[in-house]
Amino acid sequence: MLINLHIVNLALIDELDIDFTEGLNIMTGETGAGKSIIIGSIGIGLGGRFDTSLLRNEDKDGLVELLFSVDDRLSEVLAEEELDIEDGELLISRRLTGGRTVNRINDKTVTVAKLKRVSEKLLSLHAQHEQRTLLVASKHLELLDSFSSDIKPLKQEVADLCRSYREVSDKLEGLTMDQTERARRLDYIQYEIKDIESAGLRAGEDEELEEIYKKASNAQSIAELTSKAQMLTGYDSDSSAGNLVADALRSLQGLTRYDDQSEGLISTLEDIDSLLGDFSRQLAEYISDMEFDEETLRETENRLNLINTLKARYGRSIPDILSSLEELKAEEKELMSYDETVLRLEKDRTAFSEKYYKKAEELSRLRKKTAKKLCSTISDALKELNFNDVRFDMKFERQDTISAGGIDSAQFYISTNIGENMRPLVNVASGGELSRIMLAIKSVISETTDTPTLIFDEIDVGISGITAEKVGQTMHKLAGSRQIISITHLPQIAAFADTAYVIEKEVSGDKTLTGIRKLDMEGRVMEIARLLGGAEITDTVLAGAREMLERHGGNNIND
């Protein structure tokens with residue numbers, strides 16, 4: 001569950017900490033107090049958009065941190081993402097610094113894609129715009145698929161077969177050409193094969209040739225530099241280092257007659273003389289190796305030009321060229337056995353098509369069976385939300401094309417009144433009805449998932465009265481098995497909270513800030529009274545607030 005939300009330098013927030021509890025956490029507050037900022041911050045923590053336009057002060061870092069408690073079961077699930085859970089806690093951190101977002105999980109830097117995968121296992125955020133997904137018929141099938149764990153692997157098999165079918169179809173389409181085109185293409189490919197093979201390329205050859213060319217084209221400069229070094233260090237003149245060291249050695253050798261301890265000096269100079277001799281021989285060999293004639297330079301240059309021409313045509317390196325040669329030979333083989341290749345691919349395509357439709361039919365049957373259970377359960381949930389005469393169903397149509405999602409096109413149908421025909425949900429639901437329908441769907445589907453925390457942003461849009469109380473009851477029931485965090489404007493819903501908070505906007509000096517308070521029992525009474533009575537809170541309103549809280553179990557509030 002979500003233990004703590006920490007926000008720094010975001011919109012109207014300088015720094016804010018919110019500690020959440022188990023059960024139903026309800027946040028209320030005046031319009032414009034900053035409720036959407038808090039929900040938006042959670043969205044950022046889950047991997048949503050985070051840029052400098054969201055910062056309160058663009059010269060400072062922005063930070064959102066979500067701290068979760070994680071049980072053993074969830075730790076095992078998260079182990080698939082190679083995460084180490086310490087002390088049963090997991091910290092998601094997103095920092096915006098210098099225009100760049102840094103994502104961390106337990107102090108380990110991760111990609112935003114990995115952060116999203118992890119957060120999906122921890123928390124599900126239902127923002128206001130999500131209700132509109134019910135108005136997109138194509139999304140209905142996704143909701144159905146999420147209801148049954150048996151659908152996912154079958155759906156993946158269908159997607160894999162679809163991909164294989166398309167790959168074979170693409171190859172076939174690429175081979176569709178008449179005899180003249182085939183002959184022309186074959187001639188061209190055979191020309192390219194000959195072009196590469198006749199070069200007799202060897203891996204690493206270009207690097208060797210470039211080194212030779214570099215030396216050969218600078219032979220004169222190399223000769224001048226080495227000749228000067230040879231003259232200075234060799235034995236060709238009296239002033240050469242070799243002769244001078246030899247003379248010095250002869251002088252010192254007479255020193256032993258007068259000082260036995262001079263042998264160390266002589267030994268050192270003998271080493272120097274030996275090293276100079278070795279260097280002189282190495283230098284002579286190097287000079288000999290650097291003797292290039294014009295023919296060698298020309299041959300090297302021509303060979304390099306040939307290799308570079310092949311690189312321009314077939315690849316950036318010799319291994320790339322040789323890889324292109326193998327691809328050309330494979331295509332040559334296909335074209336030379338064109339009829340056999342087409343026949344084989346057609347057989348493969350037919351086989352994949354048959355496997356696809358067999359598996360897609362199996363998926364369709366499972367979906368229809370699952371849809372009956374889902375719609376029946378949603379109908380029951382809708383009745384608890386004051387849809388007394390509701391009928392809820394899902395209708396399927398078969399698609400003719402092969403697609404990764406299978407052969408089904410499906411959407412929800414609903415009737416909310418006796419004697420009213422069932423019509424597509426996308427055509428009939430009002431804003432308030434959409435809120436309740438989405439809550440019903442979420443409550444039903446959440447029972448089949450292991451997401452420990454659900455967040456609802458103003459699920460009460462467009463409802464009031466007894467309907468609002470029904471919504472509160474459903475959320476409180478849902479909170480019996482998982483943590484629920486919700487924003488509401490309605491006292492009927494706020495009264496069901498296990499823990500209540502009020503979000504407030506305050507002016508401090510020249511700053512307007514958003515803050516949040518956890519409410520004790522008296523604070524809850526005042527907040528419910530505000531929601532009931534508006535600006536003027538009378539004794540009657542206060543009494544009504546107390547009665548509402550007592551009726552909904554408010555005495556059990558976490559103080």
Side-chain angles (χ1 to χ4, degrees), residues 18-36 38-39 126 128 381-388 431-440 442-443 454-505 515-559:
I18 309 173
D19 293 321
F20 294 106
T21 66
E22 295 179 351
L24 180 57
N25 296 255
I26 293 288
M27 293 182 283
T28 57
E30 295 280 4
T31 300
K35 299 186 293 296
S36 61
I38 291 174
I39 294 296
H126 172 69
Q128 293 182 53
L382 287 171
K383 288 172 185 175
E384 292 182 8
L385 291 170
N386 211 31
F387 282 94
N388 297 322
E433 288 175 331
L434 281 177
S435 298
R436 286 183 286 161
I437 293 168
M438 181 56 83
L439 176 58
K442 284 280 184 178
S443 66
L454 300 180
I455 296 181
F456 295 103
D457 180 14
E458 300 189 9
I459 196 70
D460 55 14
V461 172
I463 63 174
S464 60
I466 190 171
T467 300
E469 185 160 338
K470 295 283 189 180
V471 168
Q473 289 173 349
T474 297
M475 293 175 68
H476 191 262
K477 179 181 177 182
L478 196 57
S481 59
R482 66 199 65 237
Q483 182 189 43
I484 306 294
I485 299 170
S486 180
I487 285 177
T488 186
H489 294 288
L490 299 178
Q492 295 94 330
I493 294 176
F496 279 96
D498 294 308
T499 307
Y501 309 81
V502 62
I503 300 167
E504 300 167 314
K505 188 163 62 175
I516 188 167
R517 286 188 296 117
K518 185 177 177 182
L519 298 175
D520 58 16
M521 184 49 128
E522 281 306 308
R524 289 193 62 182
V525 170
M526 292 300 297
E527 182 62 10
I528 294 294
R530 182 190 68 80
L531 294 172
L532 283 169
E536 185 177 353
I537 299 176
T538 65
D539 290 342
T540 302
V541 173
L542 284 170
R546 290 184 188 279
E547 181 185 351
M548 183 176 287
L549 281 168
E550 290 170 2
R551 190 171 70 250
H552 295 155
N555 287 319
N556 297 322
I557 184 174
N558 297 298
D559 291 326

query: Does Arg482 CZ have over 12 foreign heavy atoms under 6.0 Å away?
result: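 Yes, because the 6.0 Å sphere around CZ of Arg482 holds more than 12 heavy atoms from other groups.
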task: Check the surroundings of atom CG in Asp539: do more than 12 heavy atoms from other residues, nucleotides or ligands lie under 6.0 Å from it?
output: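 No - once you tally the heavy atoms of other residues, nucleotides and ligands closer than 6.0 Å, there are 12 at most.
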Distance check, rounded to the nearest 0.5 Å: [X] atom [atom1] versus [Y] atom [atom2]?
| X | Y | atom1 | atom2 | answer |
| --- | --- | --- | --- | --- |
| Leu385 | Ser443 | CG | OG | 7.0 Å |
| Thr474 | Glu469 | OG1 | CD | 11.0 Å |
| Asn25 | Gln483 | CG | CD | 5.5 Å |
| Leu531 | Leu490 | CG | CG | 8.0 Å |
| Ile455 | Ile485 | CD1 | CD1 | 4.5 Å |
| Phe20 | Met27 | CZ | CE | 4.5 Å |

field: Note: Glu30-Lys505 ion pair, threshold 4.0 Å (strictly below)
entry: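 So Glu30 does not pair with Lys505 through a salt bridge.
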- prompt: Salt bridge check: are Glu527 and Arg524 linked by an N-O gap of less than 4.0 Å?
  reply: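 No, this pair does not count.
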Nearest atoms (heavy-atom pairs only) where [X] meets [Y]:
| X | Y | value |
| --- | --- | --- |
| Leu542 | Met526 | CD2-SD, 3.6 Å |
| Ile493 | Gly472 | CG1-N, 4.0 Å |
| Thr488 | Thr28 | O-CG2, 3.6 Å |
| Lys518 | Thr499 | CE-CG2, 3.6 Å |
| Phe496 | Leu24 | O-CD2, 3.5 Å |
| Tyr501 | Thr21 | OH-N, 3.9 Å |

Check whether any side-chain heavy atom of [X] sits under 4.5 Å from a side-chain heavy atom of [Y], and report yes or no.
| X | Y | value |
| --- | --- | --- |
| Leu439 | Met475 | yes |
| Asp498 | His476 | yes |
| Asn386 | Arg436 | yes |

- request: Kindly write out the residues that satisfy side chain to side chain donor-acceptor pair (under 3.5 Å) with Glu384, not counting sequence neighbours, or none if the list is empty.
  value: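 Side chain to side chain donor-acceptor pair (under 3.5 Å) check on Glu384 returns nothing, list empty.
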query: Can you list the residues that meet the side chain to side chain donor-acceptor pair (under 3.5 Å) rule with Gln473, with sequence neighbours excluded?
result: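 So Gln473 forms no side chain to side chain donor-acceptor pair (under 3.5 Å) with any residue.
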- request: Look at the side chain of Glu504 and the backbone N and O of Gly29, then say whether any donor-acceptor pair between them is shorter than 3.5 Å.
  value: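 No; judged by distance alone, with no hydrogens or angles, the pair does not exist.
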All side-chain contact (heavy atoms from CB on, under 4.5 Å) counterparts of Ala545, not counting sequence neighbours: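 side-chain contact (heavy atoms from CB on, under 4.5 Å) list for Ala545, sorted by chain: Val525, Ile528, Ala529, Leu532.
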